[in-house]
A.B. asks: 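The structure's right below; bear with me while I get my questions together.
Fair warning: this is a prediction, and the values are worked out from it, not measured in the lab. Lettering follows sequence order; numbering is per chain, from 1. Heavy atoms only: backbone and side chains are in, while hydrogens, waters and symmetry mates are out.
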Amino acid sequence: MAEYSAFSLLKNALSGNRDWKPAWRKPSPKASYDVIIIGGGGHGLSTAYYLAKEFGITNVAVLEKGYLGSGNVGRNTTAVRSNYLLPQNTRFYEHSMKMWENLSHDLNYNVMFSQRGVLNLAHTPGQLDDLARKGNAMRHLGVDAELMTPVEIGRRVPGLDMSQQARFPIYGGLMQERAGTARHDAVAWGYARGADRRGVDIIENCEVTGFLRDGDRVTGVSTSRGDIRAKKVAVAVAGSTGRVMQLAGIDRMPIESHVLQAFVSESLKPFLDTVLTFGMGHFYVGQSDKGGLVYGGDLDGYNSYAQRGSLPIVEEVMSEMLALFPSLAPVRVLRSWGGVCDMSMDGSPIITTGPLPGMYLNCGWCYGGFKATPASGFCFAHTIAKDAPHEFNAPFTLDRFSRGTVIDDKGQGPTPRMH
Amino acid sequence: MLITCPYCGPRDVSEFAYQGDGNRTRPDPASTDSEAWNAYVYDRLNPAGIHNEIWQHAGGCRVHLAVVRDTLTHEISSVRFAREHGTPTHSRRNHGAKA
């Protein structure tokens with residue numbers, strides 16, 4: 001029987017909720033494992049879960065420098081979508097979307113996946129043409145997309161300024177109804193529990209300080225809790241990719257680390273039942289189940305490993321929100337924070353074997369890693385288990401830049417802060 | 001974040017445009033060395049710590065600046081004219097040891 005069910009809730013309520021087991025153990029690291037995963041974020045934990053569940057590899061350790069969920073998995077704005085233009089991205093993210101749709105059931109853990117839709121707004125006729133093209137590309141690959149008229153948008157999002165006097169009048173939008181949001185902490189906790197129950201050791205407060213090598217081959221890691229050997233070492237550390245790869249002697253990567261800020265407002269009554277993106281700048285907003293508006297905008301725009309941003313972006317994000325919703329002017333900001341994003345040179349991720357023997361690499365998520373969590377873990381687990389990529393991550397190689405097969409969804413070129 | 005422009009004095013970061021990593025060297029335009037071009041276009045040092053970068057005072061005197069900034073603290077230790085000091089002032093080895 002499932003550990004979490006209506007029956008177990010009732011039973012534990014009657015005993016005063018004293019008998020719940022911790023969702024994961026706190027094991028000490030063993031001397032060696034079949035697979036070590038560096039990074040206990042969403043992608044590292046989901047990789048461990050699928051290694052155990054799909055590929056039967058349970059002698060696995062996930063090493064996390066801080067506490068579980070302290071990085072980007074707990075810092076994102078929780079949107080889940082698969083509205084991409086290029087087929088390599090669409091296939092991968094749509095696979096992820098299908099996994100999201102069954103994730104709470106699969107994990108027996110409520111990740112509060114809510115398919116409330118993601119609506120991209122167009123503010124010029126040209127932009128609307130562009131969204132129609134993207135919608136057609138999505139539908140061509142079997143992904144849902146609907147072009148919406150201003151009247152339909154006004155009905156769906158009553159708070160929007162739909163007048164022609166708006167700072168940027170709205171000409172239409174592209175809606176993906178199956179897209180939505182999920183509770184990001186629950187995703188980390190659900191995967192952690194699922195992996196733990198299948199025998200994976202999740203080791204928190206364990207910082208990797210170096211790689212153990214036998215010639216070129218990676219044979220383990222040195223950590224703040226001693227040396228740990230492994231047949232395979234997988235790296236899934238998002239914004240810290242540069243630092244960890246440097247420990248392996250790899251100085252240069254097609255990645256820059258940038259800081260992205262996010263914001264939550266005070267709680268409001270239900271106001272917005274979809275996720276909205278603004279077309280004339282970089283701004284997106286949703287409303288959490290607690291009522292707070294969760295929103296963000298552009299990167300700060302310069303290399304940074306500090307998990308905090310500066311004020312010009314705060315001002316820009318707020319002004320973009322007010323351009324869309326003038327009525328939100330009196331609403332106060334509750335919290336803001338920053339996360340470090342591993343911005344790749346074409347805006348697409350890297351999930352691959354190598355670059356050293358015995359090593360596996362998962363990085364380059366820019367600021368879109370959260371929605372990829374299930375498919376990233378599944379594809380990375382496949383890559384680790386079989387020493388070959390799954391068809392969905394086969395295009396996301398590290399050498400695509402030198403081979404001329406970049407996957408640049410926005411067509412921005414190799415300027416990471418623009419993706 | 002304030003950047004002290006050698007012409008204009010300390011100014012808000014919003015006046016400046018980030019031009020990116022200052023450690024890169026463009027190969028000779030006549031070069032057909034594809035590895036060197038690939039490294040120039042795609043590969044980055046991306047250090048956690050001291051970083052050489054190029055900024056332009058786009059909302060001011062428009063001069064290009066060679067800035068040395070710490071990516072962990074955002075502290076700026078040096079701002080000079082890029083045309084005179086565009087070449088890296090720190091090698092990877094020096095600050096790698098520090099980081």
A.B. asks: Run the side chain to side chain contact (heavy atoms under 4.5 Å, CB included) test on Y302(A) and R69(B) for me, step by step, so that the C-alpha distance in whole Å, both residues' side-chain angles and the decisive distance to 0.1 Å come before the verdict.
C.D. replies: CA-CA 10 Å; Y302(A) 43 79; R69(B) 192 178 59 92; 3.4 Å; yes
A.B. asks: Step through the shown structure and confirm whether more than 12 heavy atoms of other residues, nucleotides or ligands are within 6.0 Å of CD on E75(B).
C.D. replies: no
A.B. asks: If you measure from CE on M343(A) to CG on N46(B), what distance do you get to the nearest 0.5 Å?
C.D. replies: 11.5 Å
A.B. asks: Could you look at R417(A) and say if it's the side chain, the backbone, both or neither that has a heavy atom under 4.5 Å from chain B?
C.D. replies: side chain
A.B. asks: For E64(A), what residues pass the salt bridge (Lys or Arg N to Asp or Glu O under 4.0 Å) criterion, not counting sequence neighbours?
C.D. replies: none
A.B. asks: For V340(A), is it the side chain, the backbone, both, or neither that has a heavy atom closer than 4.5 Å to a heavy atom of chain B?
C.D. replies: neither
A.B. asks: Okay, side chain of R44(B), backbone of M345(A): is any donor-acceptor separation there less than 3.5 Å?
C.D. replies: no
A.B. asks: Considering only heavy atoms, which portion of W37(B) lies under 4.5 Å from any heavy atom of chain A: side chain, backbone, both, or neither?
C.D. replies: neither
A.B. asks: For the residue pair Y18(B) and H258(A), does the interplanar ring angle fall in the parallel (under 30°), tilted (30 to 60°) or perpendicular (over 60°) class?
C.D. replies: perpendicular
A.B. asks: Identify which part of N38(B) has an atom lying under 4.5 Å from any heavy atom of chain A, answering side chain, backbone, both or neither.
C.D. replies: side chain
A.B. asks: Can you name the residues that form a ring pair (Phe, Tyr, Trp, His ring centres under 6.0 Å) with Y360(A), not counting sequence neighbours?
C.D. replies: none
A.B. asks: For chain A, which residues from residues 4-17 of chain B have at least one heavy atom closer than 4.5 Å to it?
C.D. replies: D12(B), V13(B), S14(B)
A.B. asks: Sequence neighbours excluded and cut-off under 3.5 Å, please list the side-chain donor-acceptor pairs for residues 311-321 of chain A, or say none.
C.D. replies:
{"unit_1": "S319(A)", "atom_1": "OG", "unit_2": "E315(A)", "atom_2": "O", "d": "3.4"}
{"unit_1": "S319(A)", "atom_1": "OG", "unit_2": "E316(A)", "atom_2": "O", "d": "2.8"}
{"unit_1": "E320(A)", "atom_1": "OE2", "unit_2": "H282(A)", "atom_2": "N", "d": "2.9"}

A.B. asks: CZ of R252(A) to CG of L45(B): how many Å apart, nearest 0.5 Å?
C.D. replies: 4.0 Å
A.B. asks: Please check if the number of heavy atoms outside R167(A) that lie under 6.0 Å from its CZ is greater than 12.
C.D. replies: no
A.B. asks: Between Y42(B) and D346(A), is there a side-chain donor-acceptor contact under 3.5 Å, judged purely by atom types and distance?
C.D. replies: no
A.B. asks: Which heavy atom of D43(B) sits nearest to which heavy atom of P254(A), and what is that distance?
C.D. replies: OD1-N, 4.2 Å
A.B. asks: If I compare all heavy atoms of E53(B) with all of N303(A), which pair ends up nearest, and what's the gap?
C.D. replies: OE1-CB, 4.5 Å
